[in-house]
Amino acid sequence: MTYEDAISALADPTRRAILDRLRAGPAAVGAVAEGLPVSRPAVSQHLRVLSDAGLVTMTPAGNHRLYSLAPTGIDSLRHYLDSLWDDALAAFQRATEEKAKQKGKKT
């Protein structure tokens with residue numbers, strides 16, 4: 001999956017709430033849906049989107065399906081964000097060096 005898929009999936013606050021619940025460990029749809037302001041079928045649809053984005057995995061457990069965070073689900077997103085941070089730091093370094101050069105020319 002791509003970082004765009006992850007960003008798109010995480011744009012929805014209900015999906016972020018679902019991921020937060022799954023941080024505690026695997027859970028069935030009913031447990032994930034408990035207390036959320038959406039129906040169980042809606043939670044199932046959100047879980048499908050998260051799964052399609054590679055953020056969640058599903059494991060059959062008897063007649064239930066347990067959902068959990070995908071171990072490498074955010075790797076592409078993390079790599080993208082790290083590259084943005086690296087670019088920002090490099091730009092800051094260039095600006096600092098340029099300012100130092102200009103200051104040195106004035107003295």
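Residues take their numbers from the sequence shown, with the count starting at 1. Only heavy atoms go into these numbers, but all of them, side chains included; no hydrogens, no water, no symmetry mates.
Judged as a side-chain contact (heavy atoms from CB on, under 4.5 Å), and not counting sequence neighbours, the contacts of A31 are A27.
Two residues are said to be in side-chain contact when any heavy atoms from C-beta on lie closer than 4.5 Å; M58 and P60 meet this criterion.
Sequence neighbours left out, the pairs with a member in residues 65-75 that pass side-chain hydrogen bond (donor to acceptor under 3.5 Å, both in side chains) are T57-S68. Pairs passing the side-chain hydrogen bond (donor to acceptor under 3.5 Å, both in side chains) check and including a residue from residues 20-39, sequence neighbours excluded, do not occur. Applying the ring-ring contact (aromatic ring centres under 6.0 Å, His included) definition to pairs two or more places apart or across chains, those involving residues 2-32 are Y3-Y80.
How far CG of L81 is from CD1 of I74: 9.0 Å, rounded to the nearest 0.5 Å.
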Can I get a per-line list of side-chain donor-acceptor pairs under 3.5 Å for residues 85-98, giving both atom names and the distance, sequence neighbours left out?
residue : atom : partner : partner atom : Å
Q93     : NE2  : E97     : OE2          : 3.1
T96     : OG1  : F92     : O            : 2.8
E98     : OE2  : Q102    : NE2          : 3.4

Distance-only criterion, 3.5 Å: show the donor-acceptor pairs between side-chain atoms of residues 5-17 and protein atoms not counting sequence neighbours.
residue : atom : partner : partner atom : Å
D5      : OD2  : T2      : N            : 3.2
D5      : OD2  : T2      : OG1          : 3.2
D12     : OD1  : T14     : N            : 2.7
D12     : OD1  : R15     : N            : 3.2
R15     : NE   : H46     : ND1          : 3.1
R15     : NH1  : A9      : O            : 3.4
R16     : NH1  : L10     : O            : 2.7
R16     : NH1  : A11     : O            : 3.1

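If you run side chain to side chain contact (heavy atoms under 4.5 Å, CB included) between V56 and each of I18, V32, V49, L50, only L50 comes through.
When all heavy atoms of A33 and R40 are compared, the pair lying nearest together is CB-CG, 3.8 Å.
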